[in-house]
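Read through the structure below, which is laid out as structure tokens, and then see the notes.
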Amino acid sequence: MCASYGGNVELFDFADARLGTQAACDYPSITGYEVVNLLSKHRSEQPPASHAVHAQLSLLDTRTGFLAESFVKPPVEVTFAFAFPVSLAAAVVNPRVRMHTAKHVSLFVMSGRGQRWEYVSRLEWTDGHATPLRGAHNQELGAQTVARVAARCGSAGAGTPIAWAPMERAPASLHNVAAVKLRIASMHNAGALGIGGIEL
């Protein structure tokens, strides 16, 4: 996600290895569904299923993503460490990878000044068959601004509905963010723990 709004401010998708972001998980993953798949650079390097499919996989694509091994018990935590502190404007999550759909996912941030994780937001999907994108936005920007940028530049593409909710942290605490942690607490139908994609 990359766009300008309100003058010189720009939004970028920092879930991207080309920006120096590193993704990690302490639990083993299913082969082919490693946690690095959640970084945009690795999504773009996945081979297309056919000539009719673009090589750049969108956030909605369910063919790749992250899945922990089936014997792993919840919760599973995935961390995204940035190469430099960032201001977190929004987080968008695709809950579905293959036939597995997340039910509850929580977001946490760590500032560049400390070593403590701070709760930001909780995303919930009540329908295990649908794949709606859900996002949490910084209250400083507002849902309309973030939604407009996501529609123009998010990898899900224009016209893709995203259910937005405000982050539960004061905007000041979302600046100087060194890392984001995603806690996958439960899945629909007791499936393997994982998500299809994320934009930060």
Side-chain angles (χ1 to χ4, degrees), residues 1 13-15 21-29 33-39 59-60 62 65-70 72-82 85-97 100-128 130-141 143 146-147 150 154 156 161-200:
M1 184 187 298
D13 177 18
F14 279 91
T21 302
Q22 296 182 339
C25 180
D26 291 337
Y27 301 94
S29 59
Y33 294 90
E34 292 81 8
V35 70
V36 294
N37 288 350
L38 298 177
L39 299 176
L59 190 62
L60 281 171
T62 62
F66 163 70
L67 280 174
E69 285 283 7
S70 58
V72 174
K73 304 299 182 183
V76 164
E77 295 181 344
V78 175
T79 58
F80 298 88
F82 305 122
V86 304
S87 293
L88 186 63
V92 182
V93 174
N94 174 11
R96 188 169 186 183
V97 52
H100 306 277
T101 305
K103 187 175 183 180
H104 297 111
V105 173
S106 297
L107 296 169
F108 302 81
V109 297
M110 181 184 291
S111 74
R113 296 183 297 272
Q115 296 297 317
R116 185 179 66 182
W117 290 106
E118 297 182 349
Y119 171 78
V120 171
S121 186
R122 184 173 190 249
L123 304 176
E124 181 176 358
W125 291 265
T126 57
D127 186 350
T131 58
L133 298 180
R134 291 197 176 274
H137 67 86
N138 188 326
Q139 298 181 49
E140 191 173 50
L141 302 180
V146 176
I162 300 175
W164 291 100
M167 292 179 176
E168 300 175 35
R169 298 292 303 181
S173 67
L174 298 172
H175 297 299
N176 195 37
V177 172
V180 170
K181 179 168 66 177
L182 196 75
R183 178 179 292 164
I184 306 167
S186 62
M187 303 289 290
H188 285 279
N189 300 320
L193 293 152
I195 59 170
I198 186 170
E199 288 186 345
L200 296 169

Contacts under 3.5 angstrom, residues 165-173 side chains, donor-acceptor by atom type, not counting sequence neighbours:
| unit_1 | atom_1 | unit_2 | atom_2 | d |
| --- | --- | --- | --- | --- |
| Glu168 | OE2 | Tyr119 | OH | 3.3 |
| Arg169 | NH2 | Glu118 | OE1 | 2.9 |
| Ser173 | OG | Ala170 | O | 2.7 |

Heavy atoms only: give me the nearest [X]-[Y] pair and the separation to one decimal.
X: Ser106; Y: Arg122; value: OG-CG, 3.8 Å
X: Ala91; Y: Trp164; value: O-CZ3, 4.3 Å
X: Ala185; Y: Pro74; value: O-CB, 3.1 Å
X: Ala136; Y: Leu107; value: CB-CD1, 4.3 Å
X: Arg134; Y: Leu123; value: O-CD1, 3.9 Å
X: Arg183; Y: Pro75; value: CG-CB, 3.7 Å

Just verifying a value: how many Å separate [X] [atom1] and [Y] [atom2], rounded to the nearest 0.5 Å?
X: Ile162; Y: Asn94; atom1: CD1; atom2: CG; answer: 10.5 Å
X: Thr126; Y: His104; atom1: OG1; atom2: NE2; answer: 9.0 Å
X: Glu69; Y: Tyr33; atom1: CD; atom2: OH; answer: 12.5 Å
X: His175; Y: Ser87; atom1: NE2; atom2: OG; answer: 5.0 Å
X: Leu174; Y: His137; atom1: CG; atom2: NE2; answer: 11.5 Å
X: Leu39; Y: Asp13; atom1: CG; atom2: CG; answer: 9.0 Å

[Y] and [X], any side-chain heavy atoms less than 4.5 Å apart:
X: Val76; Y: Phe66; value: yes
X: Phe82; Y: Thr21; value: yes
X: Phe80; Y: Val177; value: no

Output yes when a side-chain donor or acceptor of Asn138 lies under 3.5 Å from a complementary backbone atom of Ala89, and no otherwise. no
Sorted by chain and residue number, the salt bridge (charged side-chain N to carboxylate O under 4.0 Å, His left out) partners of Lys181 (sequence neighbours excluded) come out as Glu77
Could you give me the CA-CA distance, side-chain angles and deciding distance for Leu182 and Val105, then say whether side chain to side chain contact (heavy atoms under 4.5 Å, CB included) is met? CA-CA 7 Å; Leu182 196 75; Val105 173; 3.3 Å; yes
Result for side-chain contact (heavy atoms from CB on, under 4.5 Å) between Leu67 and one of Val97, Val35, Ile195 points to Val97
